[in-house]
Number of protein chains: 2
Amino acid sequence: MPTSTRFAVAAHALTALAVSGGKPLRSEDLAFSANTGAVVIRGLLSRLSEAGLTRSQLGAGGGAMLARPAEEIRLLDVYNAVEDTELFSLHRTPPCKGCAVGGNILDALQPTLDRARQAMEAELAKTTIADIAADVAKLGKFSIPLVW
Amino acid sequence: MPTSTRFAVAAHALTALAVSGGKPLRSEDLAFSANTGAVVIRGLLSRLSEAGLTRSQLGAGGGAMLARPAEEIRLLDVYNAVEDTELFSLHRTPPCKGCAVGGNILDALQPTLDRARQAMEAELAKTTIADIAADVAKLGKFSIPLVW
DNA sequence: AAGTATGTCATAGTGATGGTTACACACAAA
DNA sequence: TTTGTGTGTAACCATCACTATGACATACTT
């Protein structure tokens, strides 16, 4: 499957906003840092603001900002905001209903797949954008807020 | 960041083999049950046999069989055998190295993504094909081995 | 020898993804 | 109020992985 890079790029953008310390960053700035196009970033910000994670300021001096403290934005929130598809894809065409296995395999598989998904999501819920921002600051040897 | 349908279909095929109780099943039979093409199944069986989960018998009366007891085939083994891509995709184009965030975001993100992946895999390791086969038999109200 | 089944190649259609251009709209600052 | 700035969205496109399908050489059973 073509897996989306939205999660990683969205986390990148939010981390940049957390690091900037409240100063709005333009989609163009975020795009430069993530090495992508400004429209791609705006598409992500659209989803993120709809999820209540960011808000945008129009006009000169505007840009995107975090809508709540970085400590209160979990990676799971980011994941849910920008990822569309189920973690596990099932059969493209439904299996043979009449078959002994085909008629029941999906119901038999689902509980385990649900547990696996929940386990993954539980891990993503443990880390916040503030954690990532702190790690980035540590790795880059700078302090937050960073003035550009 | 979805999986392909390979994982679900491979689990389906292995479950059918477990249910059949040692009798070889042709790729055509498995394809019928999974509602797909025989070549698709053969592609999966190729990966599964390479991973040591199945073996195939050529010629009349031949087909695919489990290479080891269903109790010793974990869903994680199936997942690893047929899935190619990383669970989490990172930036399509590497982020700006010189940026404070872009230069360090990947290293900051990786540990959490690894933990999330490991948590998911740990769940998949808890369930075996024998478990799934037993669930299918229970749901379908039949007993293993099932004579077709 | 005849029939059967696998394994692999080549081809094609499909759908999600990300890149890009264009433009209407909203806001800030002068 | 006017000008410049930045967002939000639509449209289009190239790319890529995925699945489906047809063909066929090979190997094995009967």
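Chain A is the first sequence line, chain B the second, and so forth, proteins listed ahead of strands; every chain is numbered from 1.
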- Note on the structure: Taking dT6(C), dA10(D), dT19(D) as options, the one with an atom nearest any side-chain atom of S4(B) is dT19(D)
- Message: Check this one for me: any side-chain N or O of S46(B) less than 4.0 Å away from OP1 or OP2 of dT8(C)?
- Response: yes
- Message: Tell me the closest heavy-atom pair linking A108(B) and I132(A), and the distance in Å.
- Response: O-CD1, 3.6 Å
- Nearest-angstrom distance from the residue atom CZ of F7(B) to C1' of dC18(D): 17 Å
- Item | Side-chain donor-acceptor contact under 3.5 Å, E83(B) with S4(B) | yes
- Message: Classify G43(A) by what it touches in the nucleic acid, base, sugar-phosphate, or nothing, heavy-atom distance under 4.0 Å.
- Response: nothing
- Query: Atom CG of D84(B) to atom P of dA17(D): distance rounded to whole Å?
  - Reply: 10 Å
- Query: For the pair made of CG in L44(A) and P in dT17(C), what is the distance, rounded to whole Å?
  - Reply: 11 Å
- Backbone of L124(A) reached by a side-chain donor or acceptor of T127(A) within 3.5 Å: no
- Query: How close or far is atom C1' of dT9(D) from atom CD of E50(A), stated in whole angstroms?
  - Reply: 13 Å
- Out of dT21(D), dG7(C), dG19(C), whichever nucleotide has its closest atom nearest the side chain of V40(B): dT21(D)
- To the nearest angstrom, how far is L58(A) atom CG from dT7(D) atom C1'? 5 Å
- Quick one: which of dG7(C), dT17(C), dT20(C) gets closest to the side chain of R6(A)? dT17(C)
- Task: Please determine if a side-chain N or O atom of T36(B) lies less than 4.0 Å away from the OP1 or OP2 oxygen of dA20(D).
- Result: yes
- Query: Between dG6(D) and S27(A), is there an OP1 or OP2 to side-chain N/O distance shorter than 4.0 Å?
  - Reply: no
- Query: Can you find a donor-acceptor N/O pair under 3.5 angstrom joining the side chain of R26(A) to the base of dG6(D)?
  - Reply: no
- Task: Looking at every strand, decide which applies to Q57(B) at a 4.0 Å heavy-atom threshold: base, sugar-phosphate, or nothing.
- Result: sugar-phosphate
- Heavy-atom closest pair (L45(B) atom, T54(B) atom, distance to 0.1 Å) is O-OG1, 3.8 Å
- Message: Tell me if a side-chain donor or acceptor on D131(A) pairs with a main-chain N or O of T128(A) at a distance below 3.5 Å.
- Response: yes
- Item | Presence of donor-acceptor pair under 3.5 Å, side chain of R42(B) and base of dG7(C) | yes
- Item | 5' priority, DNA chain D, between A60(A) and R47(B) [closest heavy atom] | A60(A)
- Given atom CE of M65(B) and atom P of dC28(D), what is their separation to the nearest angstrom? 13 Å
- Task: May I ask you to verify if any side-chain N or O of S56(A) is less than 4.0 angstrom from the OP1 or OP2 atom of dG8(D)?
- Result: yes
- Winner on side-chain proximity to T5(A), out of dT6(C), dG18(C), dC18(D), is dG18(C)
